[in-house]
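Note sheet for the following structure.
Both ligands and their constituent atoms are indexed starting at 1 by order of listing. Nothing here was measured: the structure is a model prediction, and the numbers come from that model.
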Amino acid sequence: MVDTQSLPLPVARTVADARAQVAAWRAQGLRVGLVPTMGALHDGHLSLVHRSLAATDRTVVSLFVNPTQFAPHEDFAVYPRDEATDAGLLAAAGAHLLYAPEAAEMYPAGEQTRVSVPELGALLEGEFRPHFFTGVATVVTKLFCQVMPDWAIFGEKDYQQLQVIKRFVTDLSIPVTVEGGPTVREADGLAMSSRNAYLTPAERAAAPALYRTLTAVAERARGGEALAELEAWAKGELAGAGFGTIDYVTLRHAETLQPLADLSAGPARLLAAAWMGKARLIDNIAV
Ligand code: PAF
């Protein structure tokens with residue numbers, strides 16, 4: 001049964017309850033949007049909720065910290081979790097249902113099935129987090145099968161994730177329209193992320209250099225400067241600003257994410273990932 005009492009918006013904990021609610025809405029001719037999240041909600045998530053509310057009739061927000069997209073050495077155990085606060089934010093935003101299944105509902109005993117997008121998922125983030133996109137593709141496929149939304153939205157901050165999701169939705173003919181929502185930034189340009197909570201005050205003050213550097217590279221690339229030199233310059237800038245390991249700063253084709261020789265070769269996206277203290281920050285911009 002959907003819980004309408006203890007939290008400020010109805011909560012479904014099982015596939016059956018989520019489906020029953022969505023089926024009831026669909027029977028009334030309503031279009032259903034899904035905003036998948038891992039909780040620790042910030043204004044970036046809420047902007048996706050607002051876009052769903054504008055694009056559809058009913059908005060389901062899922063909250064599930066997905067174990068299969070974390071490697072054993074990553075931050076699954078300490079990932080911020082506060083369902084009551086998240087539920088309050090979603091109720092205030094006007095969401096209609098929180099779908100917050102237990103791990104056993106998502107990964108039932110004996111489960112073994114995975115969804116992978118081998119080429120797109122092996123690039124960039126995939127090189128540094130080889131488990132990541134199979135975990136994401138698997139859980140998002142499950143969410144689509146469980147909630148059966150007409151429409152779903154994912155933040156462009158995780159740009160490669162968005163491309164991977166669009167790829168498998170097309171490849172598997174999943175009847176969901178997938179949209180990307182623009183990255184929401186703090187006043188100083190830092191992309192909002194649940195993992196920004198890991199930054200110390202000094203690291204937080206230094207972190208906007210990531211967006212500043214991407215913006216400068218994009219401008220200079222448009223001005224015709226050589227991409228290889230710009231990428232090297234960007235790594236120097238980030239190191240100088242206090243970033244530790246810089247996993248990549250790279251200009252790619254906006255859909256295939258293959259390296260671009262120059263800007264005339266197609267729509268371009270500049271993407272970066274770098275460590276600031278314990279936080280691995282990622283960001284990207286259109287060029
Ligand atoms: O972007 C996220 O928060 C997660 O990767 C997602 C899409 C909810 C899947 O767990």
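- Within the 4.5 Å cutoff, side-chain heavy atoms of Lys142 are placed close to those of Tyr107.
- Listed by chain and number, the residues in a ring pair (Phe, Tyr, Trp, His ring centres under 6.0 Å) with His131 amount to none (sequence neighbours excluded).
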Just list the N/O pairs, ligand 1 to protein, that are under 3.5 Å apart, with the distance for each.
residue: ligand 1; atom: 1 (O); partner: Gln161; partner atom: NE2; Å: 2.9
residue: ligand 1; atom: 5 (O); partner: Gln69; partner atom: NE2; Å: 3.0
residue: ligand 1; atom: 5 (O); partner: Gln161; partner atom: OE1; Å: 2.7
residue: ligand 1; atom: 10 (O); partner: Gln69; partner atom: OE1; Å: 2.7

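- For the pair Asp283/Arg185, a side-chain contact is recorded, criterion being any heavy-atom separation below 4.5 Å from C-beta on.
- Because its NZ or CZ atom is both nearer than 6.0 Å to the ring centre of Trp233 and within 45° of the ring axis, Arg220 counts as a cation-pi partner of that residue.
- Note on Asp75 versus Lys278: no salt bridge recorded, every NZ/NE/NH1/NH2 to OD/OE distance being 4.0 Å or above.
- Defined by atom type and a distance below 3.5 Å, a donor-acceptor pair is missing between the side-chain atoms of Asp188 and Tyr211.
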